[in-house]
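Presented below is the structure to which this report refers.
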Amino acid sequence: MTTINDNYLKLKAGYLFPEIARRVKTFADSNSDAQIIKLGIGDVTEPLPEACRTAMIKAVEDMGDRATFKGYGPEQGYGWLREKIAKHDFQARNCDIDASEIFVSDGAKCDTGNILDIFGKNNKIAVTDPVYPVYVDTNVMAGHTGNANGNGEYDGLVYLPISAENNFVADIPRQNVDLIYLCFPNNPTGATATKDYLKAWVDYAKENGSIIFFDAAYEAFITDESLPHSIYEIEGAKDCAIEFRSFSKNAGFTGTRCALTVVPKTLTAKASDGSDVELWKLWNRRQSTKFNGVSYIVQRGAEAVYSEEGKAQVKELVSFYLENAQIICDQLKGAGFEVYGGVNAPYIWLKTPNNLSSWDFFDKLLQTAHVVGTPGSGFGAAGEGYFRISAFNSRENVEEAMKRITGS
Ligand SMILES: *Cc1c(COP(=O)(O)O)cnc(C)c1O
């Protein structure tokens, strides 16, 4: 008799975005002339930078000639791309990261899930609440949790609440946790982390022998010069942190697919016999066995992000979304909303007015303004009473949505 991975039956999620889609459809079906504007799902809307497209077209031509054709590439990514990432994203910020410590992949979403392959079954795992749901669900699938309670909180996970009271940065836990997921700039709250704050986490991790999973998917949106882009800007982080990055949000690669994970060679964790094992070796083995690399064409597109034109075009793209975020923040604040994020991040996190629940505010916004956002409660119990608005949209849609919400 064939059995399944029963852990999948514990999953609550897959609930948020389908439920949004269901409510939007119900509304649209009975209001066929409503022009609905979607500021919900965190997907980009603007075209790929020209430098990336040109590089990919050239790479397609390479594939058409036996002399330059590429078959399987290195599972870790081509050396020319890893070198550029190491130089521009890390060494330029005084992070001592070598190209060999960079693993190119087809997504930070899969990497944050797959990384669990190389860790044991009995680690204590901490996530913030609210949180990017992938961190939680992949632990549920891997059997690292019990069942969820009525609030959607899984037995066995340590939830670190974030709210306006702690500026949306979690207090360092008093108990010992082994794996900690941090995401800065944050999805969904748009909060950022200072160097001092990350230093406190690095100190905690080193003292407790913990590993930090640092998701820097939105680092390109940092405009405040004092904020760290990488956790490796913090002394000691090479001994306790794995960093995830992506070309999805900076260069608009959500549909093109390229990302990277940094596993420093200095990073170790315990085997069951008590010995220290290099995590780099395990991740290298995992990727070589279960992954065959990112397409040559896409890696050439990603490489172009580091050219002079590419850098300028990415900067322009990010600035465009940040201006959207600024417009959303200004308009909502002007209309009396309590607004967070949206400065060094493409997400605006607002407190629902009149203590409406996240879903009640969702329905109200849909019905009165025909605007779709994301209920904060969908990111965790402590997100209740909050609401996420994404700046990923055309200027026209953002301005029209704000006009409708503020009634101006
Ligand atoms: C969008 C996003 C990513 C990027 O995922 P990809 O698979 O690289 O597209 C990673 N982490 C967070 C929190 C995100 O919002």
Side-chain angles (χ1 to χ4, degrees), residues 13 16-17 20 38-46 48 52 77 81 85 89 102-116 126-139 160 162 168-170 180-193 212-222 229-231 241-262 287 291 293-295 298-299 301-302 305 314 317-318 321-322 325 341-342 344-349 373-374 376 378-380 383 388-393:
L16 177 62
F17 290 107
I20 290 173
K38 293 184 178 169
L39 300 177
I41 296 178
D43 195 1
V44 298
T45 55
E46 302 308 296
L48 278 184
C52 301
L81 177 56
I85 293 167
D89 285 338
I102 288 162
F103 293 83
V104 175
S105 79
D106 59 357
K109 177 170 164 175
C110 26
D111 284 357
T112 55
N114 292 336
I115 197 74
L116 295 175
V127 293
T128 62
D129 178 9
V131 72
Y132 180 53
V134 174
Y135 310 153
V136 171
D137 290 358
T138 51
N139 275 291
L160 308 173
I162 52 176
F168 300 97
V169 292
I180 304 131
Y181 290 83
L182 296 178
C183 174
F184 290 109
N186 188 257
N187 178 9
T189 67
T192 54
I212 296 169
F213 293 153
F214 190 77
D215 187 340
Y218 296 96
E219 65 76 32
F221 291 82
I222 294 174
H229 288 241
S230 166
I231 195 161
I242 291 175
E243 182 164 308
F244 302 95
R245 288 206 180 191
S246 174
F247 294 94
S248 285
K249 313 293 164 48
N250 62 346
F253 271 46
T254 53
T256 305
R257 311 304 305 143
C258 198
L260 59 115
T261 289
V262 186
Q287 290 298 82
F291 184 57
V294 177
S295 117
V298 168
Q299 289 191 65
V305 164
V314 164
L317 197 52
V318 167
Y321 292 127
L322 283 174
N344 296 284
Y347 297 118
I348 291 83
W349 187 246
T374 314
F379 298 100
R388 190 188 78 175
I389 292 183
S390 158
F392 291 128
N393 217 311

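In this chain, residues are counted from 1 in sequence order. The model shown is predicted, which means the values in this text are computed figures rather than measured ones. Every number for a ligand or one of its atoms is a count from 1 in the order of the listing. Heavy-atom basis, side chains included; hydrogens, waters and symmetry copies ignored.
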State whether the shortest distance between N or O atoms of Ser246 and N or O atoms of ligand 1 falls below 3.5 angstrom.
yes

Within 4.0 Å of some non-hydrogen atom of Ala217, the atoms of ligand 1 are 3 (C), 10 (C), 11 (N)

Below the 3.5 angstrom mark, is there an N/O of Ala108, backbone or side chain, next to an N/O of ligand 1?
yes

Would you check if there is a donor-acceptor pair between the side chains of Asp215 and Tyr135 at a distance under 3.5 Å?
yes

Give a yes-or-no answer on whether the side chains of Arg245 and Asn250 include a donor-acceptor pair shorter than 3.5 Å.
no

What residue and heavy atom of the protein are closest to atom 14 (C) of ligand 1, and at what distance?
Lys249 NZ, 3.2 Å

Can you see which heavy atom on Gly42 is nearest to which on Phe392, and at what distance?
C-CD1, 4.0 Å

Counting from 1 in the order shown, the ligand 1 atoms closer than 4.0 Å to a non-hydrogen atom of Gly107 are 7 (O), 8 (O)

Considering only non-hydrogen protein atoms, determine which one is nearest to atom 5 (O) of ligand 1 and report residue, atom name and distance to 0.1 Å.
Lys109 N, 3.5 Å

Starting from atom 15 (O) of ligand 1, locate the nearest protein heavy atom and write down its residue, its atom name and how far away it is, to 0.1 Å.
Tyr218 OH, 2.6 Å

Which protein heavy atom lies closest to atom 9 (O) of ligand 1, and at what distance to 0.1 Å?
Ser248 OG, 2.6 Å

Determine the minimum heavy-atom distance between Gly252 and Val44, stating which atoms define it.
CA-CG2, 3.8 Å

Indicate whether the side chain of Asn139 and that of Tyr181 have a donor and an acceptor atom separated by less than 3.5 Å.
yes

for atom 11 (N) of ligand 1, nearest protein heavy atom and its distance come out as Asp215 OD2, 2.7 Å

Any donor-acceptor pair under 3.5 Å linking the side-chain atoms of Glu243 with those of Ser230?
yes

Are side-chain N/O atoms of Thr192 and Asn344 paired as donor and acceptor at under 3.5 Å?
no

Can you tell me the protein heavy atom closest to atom 7 (O) of ligand 1 and the distance?
Arg257 NH2, 2.7 Å

At a 4.0 Å cut-off, with the gap strictly under it, does some heavy atom of Thr254 reach an atom of ligand 1?
no

Consider only side-chain N and O atoms of Asn393 and Thr45, and report whether a donor and an acceptor are under 3.5 Å apart.
no

